[in-house]
Trainee: 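Dropping a structure here in structure tokens format, bear with me for questions.
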Protein chains: 2
Amino acid sequence: MAHDNIDLSTLTKNELLVFEALKESEGPMKAYDVLDVLKSHGVRAPMTVYRALEGLEEKGIVHKLDALNAFVLCSHDHPHQVQSFLVCSECGMVQEISPELREAPQVEDKILGVVRATGFQMREARLEMKGICQNCTSKQGAHSTAAE
Amino acid sequence: MAHDNIDLSTLTKNELLVFEALKESEGPMKAYDVLDVLKSHGVRAPMTVYRALEGLEEKGIVHKLDALNAFVLCSHDHPHQVQSFLVCSECGMVQEISPELREAPQVEDKILGVVRATGFQMREARLEMKGICQNCTSKQGAHSTAAE
DNA sequence: TATATCAATGTTATATCATAATCCAGTAAA
DNA sequence: TTTACTGGATTATGATATAACATTGATATA
């Protein structure tokens, strides 16, 4: 697990709590879901969670998936300029695939090149792909192909 | 303008109103901003706007920018599988760059290849890149380079 | 004509997501 | 001890989005 490499000593108390909650969850969590989990640790207000999430994002440990209003741990060691996620519309699964795309480095290079050519200074980018994951496809495929 | 090619006869009354509002705006609009504009046309409720936006999205005429909770007209003729947007953190400018990326088709092909290899059936994808646009860069650059 | 149906729209209420503003506690330096 | 700073707690509210149900109007058809 990539998360083992993170220096937890730089995290505040609440950041650590949120980090642990996300680590347990094995998937993206909504802020208010994190809040529910942390209520047993005395956290009461949304602000507390959002502040911690903001801190974790600044440290590159957490990403927000805007399409879901949800947050995930960054699943790779070296923060990348383009993060890529598969989001299953069926079961909600989220998979970060930046590592796979890194094996095709032309992709990021090309993107960065095109962007730079427009005079744009990119800070961060996310590619969020929505569709049906393999698991859901095989489950459904056996029964029908209609659905839509 | 690419929007001239759209067959407006397929739009419902409210979809047409929202379409016109977005066309005027020359940029992304929040749903409630659209609502404000359409109040002069008798539209009162958020639902009306959200329903029309949903219809326009299904017809491929509008995209939602999740990172901004905002909606833009699709600025090119042929809906593409990966839509790419530059979002300026400074001035809020949004530019769709799919046409530029199309000149580098390896990018989309590679992405689609990698994704397909994971067994994922992609429906739609958006690459949202945040940074500073050329305009803001040149304005700021003259005065300072610090800022962050 | 009556009536069934369907899509679009209207309306009300509420859920969900996020932040502003203010105050407080600990702690480290002057 | 003051001062300043960082993180945290609390309260309230803003912003975004949808649920649930009623209404309308067009079309089909018995």
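Quick note: numbers below take in every heavy atom, side chains included, and nothing from hydrogens, waters or symmetry partners. Proteins get letters first, then strands, A, B, ... in listed order; numbering begins at 1 in each.
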Trainee: Mind checking if Arg51(B) touches a base, just sugar-phosphate, or nothing, with heavy atoms under 4.0 Å?
Mentor: base
Trainee: In whole Å, what is the span from the CG atom of Leu68(A) to the P atom of dT16(D)?
Mentor: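 It is 18 Å, rounded to the nearest whole Å.
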Trainee: Please pick, from dT10(D), dT16(D), dA20(D), the nucleotide with the shortest atom-to-atom distance to any side-chain atom of Asn69(B).
Mentor: dT16(D)
Trainee: Taking Asp66(A)'s backbone N and O only, do any of them form a donor-acceptor pair with Glu128(A)'s side chain (distance below 3.5 Å, no angle check)?
Mentor: yes
Trainee: In whole Å, what is the span from the CZ atom of Arg44(A) to the C1' atom of dG7(D)?
Mentor: 17 Å
Trainee: Quick one: is dA9(D) close enough that its OP1 or OP2 comes under 4.0 Å of any side-chain N or O from Thr48(A)?
Mentor: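 Checking dA9(D) against Thr48(A), a side-chain N or O does come within under 4.0 Å of OP1 or OP2.
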Trainee: Roughly how many Å is it from CG in Asn14(A) to P in dT6(D), rounded to a whole number?
Mentor: 17 Å
Trainee: Distance check needed: dG25(D) C1' versus Lys13(B) NZ, whole Å only.
Mentor: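 Whole-Å distance recorded here is 11 Å.
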Trainee: Tell me which nucleotide, if any, is Watson-Crick or G-U wobble paired with dA30(D) when both distances must be under 3.5 Å.
Mentor: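 Pairing partner, where one exists within any strand: dT1(C).
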Trainee: So where does chain B start and stop touching DNA chain C, 5' to 3', when the test is distance under 4.0 Å to a non-hydrogen atom?
Mentor: dA8(C) to dT12(C)
Trainee: If Ile, Leu, Val, Met, Phe, Trp and Tyr residues are connected whenever their side-chain heavy atoms lie under 4.5 Å apart, and connections chain through other members, are Leu112(A) and Ile111(B) in the same group?
Mentor: yes
Trainee: I need the single residue from Lys30(A), Glu57(A), Met29(A) that forms a side-chain contact (heavy atoms from CB on, under 4.5 Å) with Phe71(A). Which is it?
Mentor: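 So, applying the side-chain contact (heavy atoms from CB on, under 4.5 Å) to Phe71(A) and each of Lys30(A), Glu57(A), Met29(A), only Glu57(A) qualifies.
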Trainee: For His41(A) and dA9(D), what is the distance between atoms NE2 and C1' respectively, to the nearest whole Å?
Mentor: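 These atoms are roughly 18 Å apart.
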Trainee: For residues Val72(A) and Phe85(A), determine if any side-chain heavy atom of one lies less than 4.5 Å from a side-chain heavy atom of the other.
Mentor: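 They are in contact (side-chain heavy atoms under 4.5 Å apart), so the answer is yes.
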Trainee: State, with a plain yes or no, whether a side-chain heavy atom of Val115(A) is found less than 4.5 Å away from one of Met129(B).
Mentor: yes
Trainee: Rounded to whole angstroms, how far apart are CG on Leu53(B) and P on dA17(D)?
Mentor: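 Nearest whole value for this atom pair: 9 Å.
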Trainee: In whole Å, what is the span from the OH atom of Tyr50(A) to the C1' atom of dT11(D)?
Mentor: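 From Tyr50(A) OH to dT11(D) C1': 16 Å.
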Trainee: Salt bridge or not between Glu15(A) and Arg51(A)? Use side-chain N to carboxylate O under 4.0 Å.
Mentor: no
Trainee: If I take atom NZ in residue Lys30(A) and atom P in nucleotide dT18(D), what distance separates them, rounded to the nearest angstrom?
Mentor: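 Whole-Å distance recorded here is 10 Å.
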